[in-house]
Amino acid sequence: QVQLVESGGGSVQDGGSLRLSCTASKYTALMAWFRQALGKGREGVAAIYAGGVDTAIADSVKGRFTISHDNTKNTVYLKMNSLKPEDTAMYYCAAVGGGCTFPLRESGYTYWGQGTQVTVSS
């Protein structure tokens, strides 16, 4: 079993920045961030393999969000710049021991964090 602990959410103004962190209790090959806005389904935002080279970024955040990974800490980060009100959502960290074919699909993940709220006001 792997526990995921997220931090870094909060409230910012339109155009602001936040950095989310998620630490896993042990090594996992693939970690990702998903988000779920009120009344909507869960959306894959970004994913990264433990080596830190292979990543996947959703088109909706490309150029604004960056995912990175610290192998020494089993921690994944999501740096979010130029935030927009439509980025408002609960952000969830996810992980899986091996890889998966479609890293931005939630069905590929075994472990999930409790979520951290991001609110962007206009």
Measure the spacing between CG of Leu20 and OG of Ser7 and express it to the nearest 0.5 Å.
8.0 Å

Give the table of side-chain donor-acceptor pairs shorter than 3.5 Å for residues 108-118, with sequence neighbours excluded, one pair per line with atom names and distance.
unit_1	atom_1	unit_2	atom_2	d
Tyr109	OH	Pro103	O	2.5
Thr116	OG1	Gly9	N	3.2
Gln117	NE2	Ala89	O	3.4
Gln117	NE2	Thr119	OG1	3.4

Once rounded to the nearest 0.5 Å, what's the spacing between atom CZ of Phe34 and atom CE of Met90?
16.0 Å

Examine the side chains of Tyr91 and Arg35 and answer whether a donor and an acceptor come within less than 3.5 Å of each other.
yes

Worked check of side-chain contact (heavy atoms from CB on, under 4.5 Å) between Tyr77 and Lys73:
CA-CA 11 Å; Tyr77 304 96; Lys73 299 179 181 178; 4.2 Å; yes

For the atom pair SG (Cys22) and CG (Asn74), what is the distance rounded to the nearest 0.5 Å?
10.0 Å

Taking all non-hydrogen atoms of both residues into account, name the closest pair between Val120 and Lys84 and its distance.
CB-O, 3.3 Å

Check the pair Leu78 / Thr66 against side-chain contact (heavy atoms from CB on, under 4.5 Å), numbers first and verdict last.
CA-CA 6 Å; Leu78 186 68; Thr66 303; over 6 Å; no

Which atom of Lys79 lies closest to which atom of Ser17, heavy atoms considered:
NZ-CB, 3.7 Å

Is it possible for you to say whether Met31 and Val45 belong to one hydrophobic cluster, with membership spreading through side-chain heavy-atom contacts below 4.5 Å?
yes

Are Val96 and Leu4 joined in one hydrophobic group, where the rule is that I, L, V, M, F, W and Y side chains link up if heavy atoms are under 4.5 Å apart?
no

Run the side-chain contact (heavy atoms from CB on, under 4.5 Å) test on Met80 and Asp87 for me, step by step, so that the C-alpha distance in whole Å, both residues' side-chain angles and the decisive distance to 0.1 Å come before the verdict.
CA-CA 10 Å; Met80 304 184 294; Asp87 294 317; over 6 Å; no

Looking at Glu6 and Cys93, would you say the former's side chain and the latter's main chain have a donor-acceptor pair under 3.5 Å?
yes

Using a distance-only test with no angle check, is there a side-chain donor-acceptor pair under 3.5 angstrom linking Thr75 and Thr23?
yes

Report yes if the side chains of Ile67 and Trp33 come closer than 4.5 Å at any heavy-atom pair, otherwise no.
yes

Extract all donor-acceptor atom pairs below 3.5 Å that involve side chains of residues 47-62 and protein atoms in other chains or at least two apart in sequence.
unit_1	atom_1	unit_2	atom_2	d
Tyr49	OH	Cys100	N	3.4
Tyr49	OH	Cys100	O	3.3
Asp59	OD1	Lys62	NZ	3.1
Ser60	OG	Glu43	OE2	3.0

What one should report as the nearest heavy-atom pair of Thr28 and Ala95 is OG1-CB, 3.7 Å

Side-chain H-bond candidate by donor/acceptor type, Ser122 with Asp14, under 3.5 Å
no

